[in-house]
Amino acid sequence: MSNQIITIRNIAQHVGAAVTIQGWLYAKTGKGKLQFLQLRDGTGIVQAVLFKPSLPEETFEAAKHLTQESSVIVQGTVKQSERAPGVPGGYEIEVTDLQVVQVAEEYPITPKEHGIEFLLENRHLWIRSRKQWALLRLRATVMRGLRDWLDKQGFLEMSTPILTPAAGEGTSTLFKVDYFGDQIYLAQTGQLYNEANIYSFGKVYCFGPTFRAEKSKTRRHMTEFWMLEPEIAFCDLEQLMQLEEQMMCALVQRCLEECAEELKVLERDRSVLERILPPFPRVSYDDAVVQVQKMQAETTDPEQKQLLQIEWGQDFGSPHETALTKQYDRPIFVYGFPTQCKAFYMEPWPNRPEVCKSVDMLAPEGYGEITGGSERISNTELLLKRIHEEQLPEEAFKWYIDLRRYGSVPHSGFGLGVERTVAWIAGIHHVRETNPFPRTLGRVYP
RNA sequence: UCCUUGGUAGCUCAACGGCAGAGCAAUCGGCUGUUAACCGAUUGGUUGGAAGUUCGAAUCUUCCCCAAGGAGCCA
């Protein structure tokens, strides 16, 4: 047991060497005097081959009776082999010794197909499966990529509170928490706190879980999801869009580079991602409404006609976003939404108070909104006016209003939904698979 | 909250008023190149729950529970 312990991801560096691999049995087939074990070690999958005549009887018999997900330590020689399956494929281990750590009990998730209810009930095991493994590794790369990029741009990560005293933008969608007898809430954004942070640090972001008690049951919704929220001093709406597109392009590029194997497992079409280059089309809300109305007029499907119905002043629903983004091959910015369908703190458009300096980034292929941001109101009186218009409790926003009194500057920020971003980059249907243990309406187990 | 679909073996499903079935998994045996291997055998059931209709209910009716998909709302 003196061989070097290697990771499967780096197996190419060890061709010809005697190595040790520690992992789990992912799948097994046998043919008489041969046993083929597919082993996982967390970094990849490799095939280990046992040939009966060249091994002690008990070693071969032990391999033959291994069950799926049994934990093993395998020693052998790394060989290149065209036909060997794995991640990365093309390599296999010619086994010289096998140590069984534990023979697993009958494993519920077989290589055959399973229903979504069963898989979600067994999420703690499902994450071991190839596709889920690839997806969650991609998620980690996305999170690391976003952090690294912002850090290089001079941003500082600031933690914002999860336990918060008051509603950011209305109380209907917040989870209530009992705080020693007082009612407080789980945060649905760190933005307001970041607006305080920029006056100390210039450019900041918070990155953490956020909570929405909405009774949404769709493939784009979870009650707990991760959000990245950058906030920048001395930044207007146009500068914000530039920052967002640069960040998104750098992120996609990094995923293409670092997650080639994962994207292969996910069967993601790389060429779609390679097209993600600046600039992203900028579409005003006014134009977007006209585009959707035109599509609505042209469609012959009565159901679509119903779903695509929209008047100026209404926010886009997902059918609208889907129809709109399908016309582009890269993310688009939709900017200048009606003030009435956005939050109170957004800067009004010059000479058009019914419109605000807001912008959503919509991902292509029908994925829809992945970021939402705006330039914030920097004038004290204007902010007060908007708080009163929305009938929000001025007292609760005292500290927030204070920020406009001491060196106020134009500033902007946005929130990026991690799960939606990962779902889009991975090309998968439902956001819940991009979180190791998703919380959705009606499911908090496991 | 509303609409739609579903719940039968560990899993995926069939049986749609007349004996509870198949494939996979598991167990045993065979096979020197398997990729969801293949071949043979064995094991496996309170048909989501309750009530009703019927000679007879997995199947029809009512109520309930659970889940999934979608809408509204949102990232």
Side-chain angles (χ1 to χ4, degrees), chain A residues 26-38 45 47-54 60 64-65 67-69 79 81-86 89-90 92 94 104-122 125-126 129-130 168-170 172-174 188-189 191 209-229 303 306-307 309 314-322 341-343 360-363 367-373 414-424 429-432 434 440-443 445:
Chain A
Y26 185 67
K28 182 183 72 153
T29 66
K31 187 162 180 177
K33 297 191 171 69
L34 281 166
Q35 285 290 321
F36 301 96
L37 313 179
Q38 283 192 51
I45 300 176
Q47 175 165 274
V49 184
L50 291 94
F51 185 45
K52 192 172 182 180
S54 55
F60 189 82
K64 211 170 156 183
H65 291 98
T67 53
Q68 193 184 350
E69 289 303 317
K79 296 187 79 174
S81 169
E82 279 291 309
R83 56 197 162 173
E92 64 185 21
E94 215 171 68
E105 292 176 30
E106 187 177 341
Y107 191 66
I109 302 180
T110 66
K112 290 277 183 176
E113 282 168 27
H114 297 283
I116 190 65
E117 183 179 349
F118 174 78
L119 291 170
L120 287 172
E121 197 67 17
N122 289 283
L125 305 176
W126 188 24
S129 300
R130 268 165 72 98
E169 314 154 24
S172 60
T173 64
L174 296 170
Q188 61 172 359
T189 172
Q191 178 206 317
T210 172
F211 307 89
R212 305 276 164 99
E214 283 150 10
K215 301 214 166 177
S216 301
K217 265 190 85 160
T218 81
R219 65 195 175 89
R220 286 184 303 280
H221 288 88
M222 295 194 292
T223 50
E224 176 182 322
F225 64 96
W226 276 62
M227 189 156 69
L228 171 75
E229 294 181 277
E303 195 188 334
Q306 167 88 35
L307 287 170
Q309 172 67 37
Q314 294 176 325
D315 207 351
F316 290 116
S318 55
H320 307 114
E321 285 182 1
T322 302
C341 50
K342 290 289 178 182
D360 286 357
M361 186 195 291
L362 309 184
Y367 281 92
E369 184 176 359
I370 51 176
T371 81
F414 66 95
L416 174 146
V418 169
E419 286 82 5
R420 285 187 183 179
T421 302
V422 175
W424 164 56
H429 183 250
H430 203 301
V431 292
R432 67 185 159 209
T434 67
T440 52
L441 183 68
R443 182 178 291 281
Y445 177 93

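Numbers restart at 1 for each chain; the letters A, B, ... are given by sequence-line order, proteins then strands. Since we're looking at a predicted model, the values are computed, not measured.
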With sequence neighbours left out, write down each residue that passes ring pair (Phe, Tyr, Trp, His ring centres under 6.0 Å) with A:His430, or none if nothing qualifies. none
Which stems, defined as runs of 3 or more consecutive Watson-Crick or G-U wobble pairs with both pairing distances under 3.5 Å, involve RNA chain B? B:1-7 with B:65-71, B:10-13 with B:21-24, B:26-30 with B:38-42, B:48-52 with B:60-64
Please encode protein proximity along nucleotides 34-45 of chain B as a string of B, S and -, counting only heavy-atom distances under 4.0 Å. BBBB--------
Pairwise side-chain contact, A:Phe36 with A:Lys28, heavy-atom cut-off 4.5 Å (strictly under): no
Just jot down the side chain to side chain contact (heavy atoms under 4.5 Å, CB included) partners of A:His114, sequence neighbours excluded, or say none. A:Ile109, A:Thr110, A:Phe118, A:Leu119
Kindly say if A:Arg432 contacts the phosphate of B:rG69, meaning a side-chain N or O under 4.0 Å from OP1 or OP2. yes
Can you list the residues that meet the side chain to side chain contact (heavy atoms under 4.5 Å, CB included) rule with A:Leu120, with sequence neighbours excluded? A:Ile116, A:Trp126, A:Arg432, A:Arg443
Look at the side-chain N and O atoms of A:Arg443 and state whether any lies under 4.0 Å from the OP1 or OP2 oxygen of B:rC66. no
Under the side-chain hydrogen bond (donor to acceptor under 3.5 Å, both in side chains) rule, collect the residues that match up with A:Arg219, sequence neighbours excluded. none
Hey, does A:Thr67 reach any base, or is it just sugar-phosphate, or nothing, if we go heavy atoms under 4.0 Å? sugar-phosphate
Measure the distance from CD on A:Gln314 to P on B:rC73 and round it to the nearest whole Å. 8 Å
Are side-chain heavy atoms of A:Glu419 and A:Met222 found at a separation under 4.5 Å? yes
Separation of A:His320 atom NE2 from B:rG72 atom C1', in whole Å? 12 Å
Could you tell me whether A:Lys52 contacts a base, only the sugar-phosphate backbone, or nothing, with contacts defined as non-hydrogen atoms closer than 4.0 Å? nothing
Partner residues of A:Ser216 under the side chain to side chain contact (heavy atoms under 4.5 Å, CB included) criterion, sequence neighbours left out: A:Glu214, A:His221
What nucleic acid atoms does A:Glu369 come within less than 4.0 Å of, heavy atoms only: base, sugar-phosphate, or nothing? sugar-phosphate
By salt bridge (charged side-chain N to carboxylate O under 4.0 Å, His left out), which residues pair with A:Glu117, not counting sequence neighbours? none
Would you mind classifying the nucleic acid contact of A:Arg130 as base, sugar-phosphate or nothing, using non-hydrogen atoms under 4.0 angstrom? nothing
Scan A:Ile109 against the nucleic acid and name what it touches under 4.0 Å (heavy atoms): base, sugar-phosphate only, or nothing. nothing
At under 4.0 Å between heavy atoms, what does A:Ile116 touch on the DNA or RNA strands: base, sugar-phosphate, or nothing? sugar-phosphate
Got a sec, which residues hit side chain to side chain contact (heavy atoms under 4.5 Å, CB included) with A:Gln309, two or more places apart in sequence or on another chain? A:Gln296, A:Glu311
